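The chains referred to below are lettered A, B, ... by the order of the sequence lines, with proteins before strands, and numbering in each begins at 1. Side chains are part of it too, since the values below use all heavy atoms of this structure and drop only hydrogens, waters and symmetry mates. Every value quoted in this text rests on a predicted model; they were computed, and no experiment measured them.
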2 protein chains.
Amino acid sequence: MEKARDMLIEAAVNLGESLGLNRAVCQIYALLYLSNAPLSPTEIGKTLEMSKGNVSINLRTLEQWNAVRKVWKKGYGRPLYTANENIEEIIFDKLKTGMEKRLNYVKPIMKQVRKDGDKKLSSKNEKFFIRVNKIEKLIEKIEFFLRNFETIRTIAK
Amino acid sequence: MEKARDMLIEAAVNLGESLGLNRAVCQIYALLYLSNAPLSPTEIGKTLEMSKGNVSINLRTLEQWNAVRKVWKKGYGRPLYTANENIEEIIFDKLKTGMEKRLNYVKPIMKQVRKDGDKKLSSKNEKFFIRVNKIEKLIEKIEFFLRNFETIRTIAK
DNA sequence: TCCTTTGTTTAATATGTTTTAAACTATTTT
DNA sequence: AAAATAGTTTAAAACATATTAAACAAAGGA
């Protein structure tokens, strides 16, 4: 059954690329997702033939994304790790957080551009501001989408 | 007005990062999007202070994405370039094409795993296959989403 | 036609990211 | 408490990507 597992792990790596994720995070997450029981960093490293440093770094990343969480086994003082099985939630939360951060950087710029432009609006600049308006509309649309995604998803299926 | 333009170009670079796009594609697309008239590669290179080789390579990429198209000015044998203003369409088409390619790689693997598994289903493996099922459900959901995105988008606003 | 300008291709350089190795810290076992 | 095992951190290496410079090809103007 390990062959099947390894094939699926490779598939996860492939899919992860499309989200800009590195090999190690995908491998670790997929392994934990497919495991019957929580695993220790050492076990993860051995199974994936990956240095313990790499395991450590990427486990932390996965924890920050809420993609993985610690599990405490009694009588054993170190944490094991298990996957958050709700993949949809993980992807969406990450997308949402990332997008919001970017938009918060962009929005003040848009405001500034608009303010400067209102002062001196020549016909040559008109087209420029039509496009600025279009971008602002698009940003609103994205924000609407992020706010209402849960609802949309429910309607969709 | 060039200051405003440059600020918006920087904003585009920032947003592009979240989609895994490189600096040059974002800059070139944004410049063309905000320009009143089509531009030549030389003009683009000068404005963005970028080597002509880089302009050439990334213009081709943008053309392949349908993000930019050639415009022929009569009496002039070289093409100028202009932006496809439908940003939403560009992003979605790219997402769709990319996702479909990945899923077509993953789906045969899923089938293979399921086939191998049906032969010898022990209770230890049961949990494993429950998770395989979950992934298949998720893939179906993504495919549904890609097929029906246009519709969903219309409903959403 | 020849010279100049513009655009493409490719090899090299520069930049950024991922992974490892090794030094360090913390925990467990004896 | 000492030795062994496990985990973290960091500096270096391996690897990947983006950018440029320069050689080449195509087009425009003299």
Q. Hydrophobic cluster mates of A:Tyr76, side-chain heavy atoms under 4.5 angstrom, ILVMFWY only, any path?
A. A:Leu80
Q | B:Leu8 vs B:Tyr33 side-chain heavy atoms within contact, under 4.5 Å | A | no
**Q.** Distance, nearest 0.5 Å, that separates OH of A:Tyr29 from CG of A:Leu59
**A.** 13.0 Å
Q) If you walk 5' to 3' along DNA chain D, what is the first nucleotide with an atom under 4.0 Å of a heavy atom in chain A, and what is the last? A) D:dT5 to D:dT9
Q: Could you check which residues of residues 67-77 of chain A get a heavy atom under 4.0 Å from DNA chain C? Sort them by number, please.
A: A:Tyr76, A:Gly77
Q: With rounding to the nearest 0.5 Å, note down the distance linking CG in B:Leu138 to CD1 in A:Ile87.
A: 5.5 Å
Q. What residues in residues 14-33 of chain A put a non-hydrogen atom under 4.0 Å from any atom of DNA chain C?
A. A:Asn22, A:Arg23, A:Ala24
Q: List in chain and number order the residues that pass side chain to side chain contact (heavy atoms under 4.5 Å, CB included) with A:Thr97, two or more places apart in sequence or in another chain; answer none if no residue qualifies.
A: none
Q) Considering residues at least two apart in sequence or located in another chain, which fulfil the salt bridge (Lys or Arg N to Asp or Glu O under 4.0 Å) criterion with B:Lys96? A) none
**Q.** 4.5 Å side-chain heavy-atom contact, A:Val55 and A:Gln27
**A.** no
Q) Can you find a pair of side-chain heavy atoms, one from A:Leu19 and one from A:Leu15, that are under 4.5 Å apart? A) no
Q. Does B:Lys111 have any side chain to side chain donor-acceptor pair (under 3.5 Å) partners at least two apart in sequence or in another chain, and if so, which?
A. none
Side chains of residues 40-52 of chain A: which donor-acceptor partners sit under 3.5 Å, not counting sequence neighbours?
from: A:Ser40; atom 1: OG; to: A:Glu43; atom 2: N; distance (Å): 3.2
from: A:Ser40; atom 1: OG; to: A:Glu43; atom 2: OE1; distance (Å): 3.2
from: A:Glu43; atom 1: OE1; to: A:Ser40; atom 2: N; distance (Å): 2.9
from: A:Thr47; atom 1: OG1; to: A:Glu43; atom 2: O; distance (Å): 2.7
from: A:Ser51; atom 1: OG; to: A:Asn54; atom 2: N; distance (Å): 3.3

Q) Taking DNA chain D as the partner, which of residues 54-63 of chain A come within under 4.0 angstrom of it by heavy atom? A) A:Ser56, A:Arg60
(Q) Do A:Ile90 and A:Lys94 have side chains that approach each other closer than 4.5 Å (heavy atoms only, starting at C-beta)? (A) no
**Q.** Under the side chain to side chain contact (heavy atoms under 4.5 Å, CB included) test, residues paired with A:Asn66 that sit two or more places apart
**A.** none
Q) Earliest and latest nucleotide of DNA chain C, 5' to 3', sitting under 4.0 Å from a non-hydrogen atom of chain A? A) C:dT18 to C:dT28
**Q.** pair A:Tyr81-A:Leu62: side-chain heavy atoms closer than 4.5 Å
**A.** no
Q. Looking only at heavy atoms, what is the nearest atom pair of B:Arg131 and A:Ser35, with distance?
A. NH1-O, 3.3 Å
Side-chain polar contacts of residues 100-108 of chain A - donor-acceptor pairs under 3.5 angstrom, sequence neighbours left out - could you list them?
from: A:Arg102; atom 1: NH1; to: B:Asn14; atom 2: O; distance (Å): 3.0
from: A:Arg102; atom 1: NH1; to: B:Glu17; atom 2: OE1; distance (Å): 3.2
from: A:Asn104; atom 1: ND2; to: A:Glu100; atom 2: O; distance (Å): 3.2
from: A:Lys107; atom 1: NZ; to: A:Glu143; atom 2: OE2; distance (Å): 2.9

